[in-house]
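Accompanying notes for the structure given below.
FYI, side chains are in, hydrogens and waters are out, and symmetry mates aren't considered; it's all heavy atoms of this structure.
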Amino acid sequence: MGGAEATSLRFFGMAQAPPYDPQEIEARWQERWLSEGTYEVDNADPRPPYYVLCMYPYPSGPAHMGHVRNYTFGDLIVRYRTMNGYGVLSPIGFDSFGLPAENAALKSGEHPRTFTDARIEELRSSLIRLGAVYDWRRQVRSHDPDYMRWTQWIFLRFLERGLAYRASAPVNWCPGCPTVLANEQVLADGTCERSGDVVEKRDLEQWFFRITEYAQQLLDDLDGLDWPERVVTMQRNWIGRSEGAEFEMRFCDADGSPEAQGRSLRVFTTRPDTSFGMTYAVLAPEHPLVDEVTAPEQREAVAAFVRRARETSEIDRLSSEGSLATRGVFTGAYVLNPFTQAPVPVWLADYVLMGYGTGAIMAVPGEDQRDWDFARAHDLPIIRTVEPPPGWEGEAYTGDGPATNSEWLDGLEVAAAKAKAIAWLEENDLGSRTVNFRLRDWLLSRQRFWGCPIPVVYCESCGMQPVADSDLPVLAPDDVEFLPTGESPLLDHAGFLHTTCPACGGVARRETDTMDTFVDSSWYFLRFCDPWSETAPVSTSGASRWMPVDQYIGGVEHAILHLMYARFFTKALADLGVIEPDLREPFQRLFTQGMIRLGGEKMSKSKGNLVAPEAYLDTVGADSLRLFHLFVGPPDDDVDWDDHGIEGCSRFLQRLWRAGTDQVGTVSDREPTRDDLSVEAATHRLIRRVTDEFDRWSYNTAVAACMEFTNDLYRYLQGDAGGRRDTVDFAVDSLLLVLAPMVPHVTAELWERRHGAENHLHAQRWPEADADRLVEETVTLVVQVRGKVRDRFEVPPDISEADAVALALASDKVQTHLDGEPKRVIARPPRLVNVVP
RNA sequence: GCGGGAGUAGCCGAACUGGUACAGGCGCCCGACUUAAAAUCGGGUACCCCUCGGGGUAUGUGGGUUCGAAUCCCACCUCCCGCACCA
């Protein structure tokens, strides 16, 4: 057979073609990509830039399946874009500060640094074994002194600009951790997202970033981002913008005579149009005026209520929902409703939060359900100021409608009434239009050791002083003892604690709080652009070259915290002049991949249902593991881990290997036959299809297309005529090229065997389908009668409408369903004719 | 409660702008190869009826629009995710 001869020339005989050995192949190619620096890219690279970034991982040891999924998608894009001619920036680093290392230190006494470094090495080697390629020269780790220096430098610039400040605040204290948490780290039920302990409120001096200064921008700039809708929605809700008015109400006695001191209460409302319906006012229990204005006879009841509100955890406050009678107390004070000049009683209630608006509200039970419930529980009057629709049987009415019981607002619809009420407040100098945000400032200080120290000192005479830039980084000492005291070991370390004041040289004490690890992850993507910069966190030119990240990939669990903080940092650094002023957003495109489940449950360490990737790397290999993650379902869907599925992927790669080493059927040289040409057309269609699927992130169907193509190729090769040499080469080479980003090792190996060692698959250009050769010889024309399929014909793709209709009407099967002449015929040649009798 | 998303075979899923419902994989069945098994290769695989030509029913449920609906519209059910006293 001619085919056997041709084969023997290239592969030293079919019998000698080696079996597929993933471990051997993968180790060798991984070594080569590293040693040749295949995916290193310089800032002066002449190719058009493209920045692909996976969220840098917390190093918890060897990679888990979530990492594998994440980094498989990232690596695919890096390789695909590279084959498309881009100079792709693909950096990686480690989010290496954090609680687990410190907890491990408490248990074993091992220093968090040595612990962390060991975990990083484990994770790093898993990433390499997965075949993920990076420019390792650019690696950053949060705990590197060089990185810390710039984290602290940024903090000091924020401090100078007033974007970082210190304030005493009731903060979320987790007794389990034990540290302060950001609002975002407290779950809805009032427990700590990490330890699950019930979070307490404590008053402490803490550091904050003034993220609220950027609230409006953070909201507005969401519009220009190519992000999943749900992430945008989550951010929008988190920022929680609401428009309304603030105004003052003077304290008075029960008859409405203004009090002598002239004190007043400021309230925020989104419904100034309902002001005529105010029947009481409410202060948050923590409101500063509570003590002052409480009447003597109510003092005891109020004090008891305030005490309980402070002591009651969030969780209990929620569980007491419904029993509103116990959730409020009358202060004995009154304020004047400026709209009516009528006095209304001032109550305390825990459903009013000090942290939002002014911590005080006007209560309008007619148009607010909570106020309605409270009024009912405490026997307070209810006045409707918006006419509910006829037949309204609900309680508070929050919809649109004409104002009523509202004097000069009567008859106006809600929007118009709001505008008029606000105008009136402003004219009379009683209040003004206001915008409120739900977003709070970012509490960043943590009472932990294993984090980036906050670079300030407290001088006995000068007060708080920033550490000089030239003294950065402030590093935690190594010789510390980890004791389960619940306090940072820094508090007991004299050498760290005692220092001199940078301003006066006098005695000073160092800040012992460290920064939330979200600070580290808020700018690492910038450092990657120029990790060599010695004068700034990133050079302006480096950032300009690569930023914004073209494709950011990570888990949806970071939809709010990390992504909001990173956006804030980018805007602030742009305003500080560190990066270009018009670089307002860090991540142009975001993709959030689904999580891996096992038996319907989220795979996680705490559930103890982790499936370790290592076992698969040791058996079926990295390529099979990658292929499984791509194939198992849409990338943004959660997926179930399935051992059988990965076997299917492994089987496919075995088939690919046999086809790629000419172990399937027979191959010969000949003039192309119809079948040969049809395989070539199918090859062009494969290229087109995979390209399309890649561009729309439909990797599972891209894999399916390759499998389908391979199945067809097998049938062709094993057919009586065998395969034609050039046709088979084109088919196999094309298949290897389109599979290269997905299964980089086995394809590179096969390519080298077919084309020689100097011919690197991953240096090839992405193939292009020839538009003229995509067409199939025949297509199936479906003939329907009233929308039901009755017959099929194989027709040329360029069949005319008239021919298609004639063919359809000539069909016996169609005629039996027709009663005489058809009423109507809809033709969509060459695929469909629908006959309507 | 508010916001977002999803319900297609035994399972995971395809079907991109309304046009052959179910590509691909898993599982299962049959066959080839084998002394045998594994591996491999080929074929089959929604349900019901059937005179074996076919016919009917199927995309969570019920309506609607259309020549034609998984796809568009209305109502409802179920599940997942986020927020949740935000005035």
Assign A:Phe652 to base, sugar-phosphate, or nothing according to its heavy-atom contacts below 4.0 angstrom with the strands shown.
nothing

Distance between the C1' atoms of B:A69 and B:G63, in whole angstroms?
14 Å

Gap in Å between the two C1' atoms, one belonging to B:U20 and one to B:C67, rounded
16 Å

Nucleotide nearest A:Arg230 (side chain, heavy atoms from C-beta), chosen from B:C67, B:G4, B:A14:
B:G4

Looking at the side chain of A:Arg715, which of B:G19, B:G42, B:A21 is the nearest nucleotide?
B:G42

Counting the benzene-type ring for Trp, do A:Phe591 and A:Trp227 have ring centres under 6.0 Å apart?
no

I want to verify the glycosidic state of B:G53; is it syn or anti under the 90° rule?
syn

Separation of B:C12 P from A:Asp638 CG (nearest whole Å)
13 Å

Whole angstroms only, please: what is the CD-C1' distance between A:Gln235 and B:G3?
15 Å

Under 4.0 Å between any heavy atoms, over every strand shown, what does A:Thr269 touch: base, sugar-phosphate, or nothing? Just pick one.
sugar-phosphate

Taking B:G27, B:G19, B:G25 as options, the one with an atom nearest any side-chain atom of A:Asn711 is B:G25

Taking the side chain of A:Ile361 as its heavy atoms from C-beta onward, which of B:C67, B:C83, B:A87 lies nearest to it?
B:A87

Nearest-Å distance for atom pair CD1/P, residues A:Ile646 and B:G27
13 Å

Check every atom of B:C67, B:G56, B:G42 against the side chain of A:Arg790 and return the nucleotide holding the closest atom.
B:G56

Would you please confirm or rule out a distance under 4.0 Å between OP1 or OP2 of B:C12 and any side-chain N or O of A:His644?
no

Let's see if you can work this out: which of B:U20, B:A84, B:C85 has an atom nearest to the side-chain heavy atoms of A:Val782?
B:U20

Donor-acceptor side-chain pairing of A:Thr358 and A:Glu246 below 3.5 angstrom
no

Of the options B:G4, B:A87, B:A23, whose atoms approach the side-chain atoms of A:Glu708 most closely?
B:A23

Rounding to an integer number of Å, can you tell me how far A:Leu353 CG sits from B:C83 C1'?
14 Å

Between P on B:U40 and CG on A:Leu717, what's the gap in Å once rounded to a whole number?
18 Å

Distance check, P atoms only: B:G5 and B:U40, in whole angstrom units.
43 Å

Distance, C1' atom - from B:G68 to B:U17, rounded to whole angstrom:
16 Å

Return yes when atom CG of A:Asp812 has more than 12 non-hydrogen atoms of other residues, nucleotides or ligands closer than 6.0 Å, and no otherwise.
no

In residues 698-707 of chain A, which ones come under 4.0 Å of RNA chain B, going by heavy atoms?
A:Asn700, A:Thr701, A:Ala704, A:Met707

Of the listed B:G3, B:U40, B:G19, the closest approach to the A:Ile826 side chain comes from B:G19

Which whole-number value in Å describes the distance from A:Asn237 CG to B:G1 P?
17 Å

Tell me whether the OP1 or OP2 atom of B:G19 has a side-chain N or O from A:Arg831 closer than 4.0 Å.
no

Using atom P of each nucleotide, how far apart are B:C50 and B:U34 to the nearest Å?
42 Å

Taking atom types as modelled, is there a side-chain donor on A:Tyr616 or A:Asp643 under 3.5 Å from an acceptor on the other?
yes

For Watson-Crick and G-U wobble pairs within 3.5 Å on both distances, what is RNA chain B written in dot-bracket notation, | included for inter-strand pairing?
(((((((..(((......[....)))((((((.......))))))((((....))))..(((((..]....))))))))))))....

Nucleotide nearest A:Val789 when distance is taken to its side chain, options B:G82, B:U20, B:A87
B:U20

Indicate whether the side chain of A:Asn834 and that of A:Arg828 have a donor and an acceptor atom separated by less than 3.5 Å.
no

Below 4.0 angstrom, N of the basic side chain to O of the carboxylate: do A:Asp712 and A:Arg715 qualify?
yes

For atom C1', what is the distance between B:U59 and B:G18, given to the nearest Å?
15 Å

Over how many whole Å does the gap from A:Tyr351 atom OH to B:C85 atom C1' extend?
9 Å

Taking any heavy-atom pair under 4.0 Å as a contact, classify A:Gly240: base, sugar-phosphate, or nothing.
nothing

Side chain A:Asp638, main chain A:Met595, donor-acceptor under 3.5 Å
yes

Nearest-angstrom distance from the residue atom CG of A:Asn436 to P of B:C85:
15 Å

Could you check whether A:Phe631 and A:Tyr699 have their ring centres less than 6.0 Å apart?
no

Tell me if the centroids of the rings in A:Phe268 and A:Phe247 come within less than 6.0 Å of each other.
no

Please state whether the phosphate of B:A84, meaning OP1 or OP2, lies under 4.0 angstrom from any side-chain nitrogen or oxygen of A:Arg438.
yes

So what does A:Arg792 hit on the nucleic acid, given a heavy-atom distance under 4.0 Å: a base, only sugar-phosphate, or nothing?
base

On the nucleotide B:G42, are OP1 or OP2 found under 4.0 Å from the side-chain N or O atoms that A:Gln718 carries?
yes

Please lay out, stage by stage, how A:Gln216 and A:Arg241 fare under the test side-chain hydrogen bond (donor to acceptor under 3.5 Å, both in side chains).
CA-CA 8 Å; A:Gln216 189 65 51; A:Arg241 182 184 200 273; 2.8 Å; yes

Are the aromatic rings of A:Tyr397 and A:Trp372 close, with centres under 6.0 Å apart?
no

Electrostatic pair A:Glu367:A:Arg271 at N-O distance under 4.0 angstrom:
no

In terms of the nearest nucleotide of RNA chain B, which residue is placed more toward the 5' end: A:Asp642 or A:Lys788?
A:Asp642

OP1, OP2 of B:C26 versus side-chain N and O of A:Arg651: anything below 4.0 Å?
yes

Regarding the side chain of A:Val632, the nearest nucleotide among B:A87, B:C12, B:G82 is B:C12

Rounded distance in Å between the P positions of B:A70 and B:U57
13 Å

Between A:Arg655 and A:Asp637, which is nearer to the 5' end of RNA chain B once each is assigned its nearest nucleotide?
A:Asp637

Nearest-Å distance once atom C1' is located in both B:C48 and B:C12
27 Å

Tell me, with the steps shown, if A:Asp441 and A:Thr212 meet side-chain hydrogen bond (donor to acceptor under 3.5 Å, both in side chains).
CA-CA 6 Å; A:Asp441 275 341; A:Thr212 52; 2.6 Å; yes

